[in-house]
Each structure stands twice: as C-alpha cells, then as structure tokens.
Protein chains: 2
Amino acid sequence: MKDGMTEKSLTGRLRSAGLRPTKQRIALGNLMFEHGDRHFTAEMLHEEAVRDNIPVSLATVYNTLHQFSGARLIREIAVEGAKTYFDTNTSNHYHYFIESEGRLMDVEASESPMVKTPEPPEGYEITQIDVLVRLRRKTTG
Amino acid sequence: MKDGMTEKSLTGRLRSAGLRPTKQRIALGNLMFEHGDRHFTAEMLHEEAVRDNIPVSLATVYNTLHQFSGARLIREIAVEGAKTYFDTNTSNHYHYFIESEGRLMDVEASESPMVKTPEPPEGYEITQIDVLVRLRRKTTG
DNA sequence: ATTTGTGCAAATCGTTTGCATCTGA
DNA sequence: TCAGATGCAAACGATTTGCACAAAT
C-alpha cells in the first residue's frame, strides 16, 4: 500500500514466474516484502493477513509460499520439527535459531561464519549450504 | 550379537542414563550401533527391527530414540519436511543431504567446511552449529 | 469463454499421547 | 512389589488435496 513501485514490480515478478497477480498473491507479497527481510511460517503470515483484513485461506497461503519459493522470490529454511520457515532474503546467508522462542534471525554478514565449500562426493554437486547457529538465552551468573 | 562388549557397554550406558536396559532398548541399540555411523529415521529403524524379528512398536522406537538422544548416545539432525533424522555419530561434524534420495551422509573430516564461530547476539549463547550441504546428482555432460 | 486460483473441509503424514498391560530390579 | 516400559489405537499439528465456486485474461 505504501509504495506503488513495490506493488508494480511484484506484479511483474509474478507474471515472469507465470503466476497471475491475484488479490491474494499481491496482498501476501506486500505483507512479506514491505518490512524488509523477514522470517515466518505459513501460519504466522496467515494470522498477519487476517489481522490486516486480507481475506485469504491458510491453504492459499501455503500455495502462495510454495509458488513464491519456486519463483525464487523467497526461500525455505530447514529448521526442524514440523514447521517450515520462509525467508524473504534469498541471498546467501546464515541463520540464528532461538529454539525456546522458535525465532529465526539472519546472521549479520560481518559475523557470518566462514564456510569453506567442501568437495562433494563423486557424481554429486552442491546446490546449497545451510548453516544454522542454535542459540539459547544465556543464564545470568 | 556379534560382540558381547558392545552389548555390555550399551547396558552400562543405558544405566548411567537412568534407562533400564530392556529387551527393546538393547535390540534397537545394537541395530543402531553395530554397523558404525548411521543415519536413519524412526520409521527406517522400526522397519529394520521388524525385518530382524525384533518385536517393537513404532511408539517405542520413538521413545527410545528420544531417550537415547537425551542421553547423548545419538543425535537429531534437522533436515526439513516432517521427518526427523538421527545420527549415531555424536561428535562435531557436518552433513551432506541428497534431497532426491532423502539420504544423509557425514562430511568427511578432511572435507569438512571450516566454520568460524560467529559472535552470538547479546544475551544468547551458541549451543550448536548445524551445517547441511545439499547435493543433487550431477547431470552428465 | 477459458483458464487459473481460491476456499473449505476432508485426508495425509510423521509424531505424540492416554491408558491398560507387562517386565525388570 | 511396583516403578518404569511397552503396545495399541486414538489424538495431534502441520501440510496437502479434491472439488465446487470465483476471478483473471
């Protein structure tokens, strides 16, 4: 809403991906992208949409997230448990995960662990390297 | 079966963890540990047990895996999707994951990516760093 | 008009739980 | 004996699916 350009380029990116720019996809896209880099689950995004009076079903949120993921507009992050997280930052970067809060954060580039790409086994190539730095609240003392 | 020592020390390790060395736990422990480092899901281990005529329910397999995990005899690996993987190698090491096959492998120590521990955010401490190297079959050509 | 997307509810999948029964110290 | 373990089936939570209805080109 705050920025016509954002909406226009989102529409264009959807079309390039062969996705019709529907009300729901535009609205969800705006929610995802208008506040910078974000990490969320399908359920979180759905609740946010509902709070914003965007009529959209959870099934459509899942569809949209997977379609956006396929179009490389966002990416999935493997954490664990049942929940799947999504990230609007598709560039190469790593994550902190605070287990007790179920919260994901980007590792700042300056703090980013240096990962030397290993030699993959014969016949295979590396598609991606995920680094998850697990955190817990420091016990005072 | 092949080695009395293995079974004896497993019994001991179970006792130390406050776990009674029951038929099922011993049998599952032997399955897990007798072939060196292994990666598996609860369901894989259950099927293997059934094939070996070890009477054990899937619920008990889950219980056992979590108890062993709590006792640091094995560890969980976050991959993604619903499935949880377990690893008999509890030392610090990283993994390859072949998505198309759902298969996990250890990254050989010599090939291990060098990860520089990042500075955690204020008030938090790092409990673990997971590195998952995603692979796909190389297309010939 | 035709194709694609959406919403609902039911179905699925991995995992967990409640509870009656069994087992090991 | 009896606390702890097991097995079954029902319960669960996240995600997916089938299908009738609605919206986009």
Side-chain angles (χ1 to χ4, degrees), chain A residues 7-8 10-29 31 39-50 52-71 73-74 76-86 102 104, chain B residues 7-8 10-29 31 39-50 52-71 73-74 76-86 102 104:
Chain A
E7 185 163 331
K8 184 168 176 229
L10 176 57
T11 298
R13 283 187 289 169
L14 289 179
R15 284 198 198 288
S16 310
L19 298 173
R20 285 183 185 173
T22 64
K23 252 190 265 307
Q24 288 84 343
R25 295 208 268 236
I26 295 290
L28 291 175
L31 270 188
H39 306 86
F40 49 82
T41 63
E43 191 144 50
M44 290 176 198
L45 186 63
H46 182 240
E47 281 173 14
E48 195 175 342
V50 168
D52 279 24
N53 295 306
I54 297 167
V56 65
S57 72
L58 184 54
T60 295
V61 171
Y62 275 107
N63 285 339
T64 300
L65 288 172
H66 289 142
Q67 292 152 351
F68 278 34
S69 217
L73 297 174
I74 60 178
E76 286 187 43
I77 301 172
V79 179
E80 96 188 278
K83 285 202 179 91
T84 303
Y85 284 77
F86 293 86
L104 263 183
Chain B
E7 184 162 332
K8 186 170 175 225
L10 176 58
T11 299
R13 282 186 290 169
L14 290 179
R15 285 197 199 290
S16 310
L19 299 172
R20 284 186 187 170
T22 64
K23 250 189 267 308
Q24 287 84 344
R25 295 209 269 236
I26 294 290
L28 292 175
L31 270 188
H39 305 87
F40 48 82
T41 64
E43 191 144 50
M44 290 176 198
L45 186 63
H46 182 240
E47 280 173 14
E48 194 175 342
V50 169
D52 279 25
N53 295 307
I54 297 167
V56 65
S57 70
L58 185 55
T60 295
V61 172
Y62 275 107
N63 285 339
T64 300
L65 288 173
H66 290 142
Q67 292 151 352
F68 278 34
S69 216
L73 297 175
I74 60 178
E76 287 187 41
I77 301 172
V79 180
E80 96 188 278
K83 286 204 178 90
T84 303
Y85 283 77
F86 294 85
L104 264 181

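Each chain gets a letter, A, B and so on, in the order its sequence line appears, and its residues count up from 1.
Here the side chains of B:Leu14 and B:Leu73 are in contact, with some heavy-atom distance below 4.5 Å. At a threshold of 4.5 Å between non-hydrogen side-chain atoms, the residues A:Met44 and A:Tyr85 count as touching. Side-chain contact between A:Phe86 and A:His66: present, with at least one pair of heavy atoms (C-beta onward) separated by less than 4.5 Å. B:Arg13 is not listed as a side-chain neighbour of B:Phe68, based on a closest heavy-atom distance of 4.5 Å or more.
Taking atom CD of residue A:Glu43 and atom P of nucleotide D:dG13, one finds them 10 Å apart after rounding to whole Å. For the pair A:Leu14 CG and D:dA24 P, the computed distance is 13 Å after rounding to whole Å. Between the C1' atom of D:dT15 and the CG atom of A:Leu45 lies a distance of 15 Å, rounded to the nearest Å. If you measure from atom CZ of B:Phe68 to atom C1' of D:dA5, you get 13 Å, rounded to the nearest angstrom. Rounded to whole Å, the distance from CZ on A:Phe40 to P on D:dT15 is 13 Å. Taking atom CD1 on B:Ile26 and atom P on D:dT6, their separation rounds to 11 Å, with Å as the unit. Distance B:His46 NE2 to C:dT16 P: 15 Å, rounded to the nearest Å. To the nearest angstrom, C1' of D:dA14 lies 13 Å from CD of A:Glu47.
B:Ala49 and B:Leu28 get closest at one heavy-atom pair: CB-CD2, 4.1 Å.
Taking five base pairs at each end of the helix from C:dA1-D:dT25 to C:dA25-D:dT1 and finding the rotation axis that steps the C1' atoms of four pairs onto the next four gives two axes whose angle is 30°, to the nearest 10°.
Map B:Gly18 and B:Ala59 each onto its nearest nucleotide of DNA chain D; the residue landing nearer the 5' end is B:Gly18. Closest-nucleotide positions on DNA chain C for B:Pro21 and B:Tyr85 were compared, and the one nearer the 5' end corresponds to B:Tyr85.
Here C:dG14 is the nucleotide among C:dT6, C:dA9, C:dG14 with the atom lying nearest to any side-chain atom of B:Ala82. Taking only side-chain atoms of B:Asn63, from C-beta outward, the nucleotide of C:dT17, C:dG24, C:dT6 with the closest atom is C:dT17. With distances taken from any side-chain atom of B:Leu58 to the nucleotides D:dC8, C:dG5, C:dT15, the minimum falls on C:dT15. Comparing atom distances between the A:Leu19 side chain and each of C:dG5, D:dT6, C:dG14 picks out C:dG5 as nearest.
Residue contacts shown for B:Thr41 are absent, as no nucleic acid heavy atom lies under 4.0 Å away.
With values rounded to the nearest 0.5 angstrom, B:Leu65 atom CG is found 10.5 Å from B:Thr60 atom OG1.
OP1 or OP2 of C:dT16 has not a single side-chain nitrogen or oxygen of B:Tyr62 nearer than 4.0 Å. In terms of phosphate contacts, B:Gln24 brings no side-chain nitrogen or oxygen within less than 4.0 Å of OP1 or OP2 of C:dT23. Taking 4.0 angstrom as the limit, B:His66 places a side-chain polar atom (N or O) nearer than this to OP1 or OP2 of C:dT16. A sub-4.0 Å separation between OP1 or OP2 of D:dA24 and a side-chain N or O of A:Arg25 is absent. Side-chain nitrogen and oxygen atoms of B:Thr22 include at least one within less than 4.0 Å of the OP1 or OP2 phosphate oxygen of D:dT6. Phosphate proximity of D:dA24 to A:Lys23: present, with a side-chain N or O under 4.0 Å from OP1 or OP2. For D:dT25, one of the phosphate oxygens OP1 or OP2 lies less than 4.0 angstrom from a side-chain nitrogen or oxygen of A:Arg15. Proximity of A:Thr84 to the phosphate of D:dA14: no side-chain N or O atom is located under 4.0 Å from OP1 or OP2.
A side chain to side chain contact (heavy atoms under 4.5 Å, CB included) with A:Val79 is found for exactly one of A:Thr41, A:Thr84, A:Leu104, namely A:Leu104.
Donor-acceptor pairing under 3.5 Å, judged by distance alone, is present between the side chain of A:Arg20 and the base of C:dT3.
With hydrogens and angles disregarded, a donor-acceptor distance shorter than 3.5 Å links the side chain of B:His46 to the backbone of B:Val56.
Partners of A:Glu76 according to the salt bridge (Lys or Arg N to Asp or Glu O under 4.0 Å) rule, which considers only residues two or more places apart in sequence or in another chain, do not exist here.
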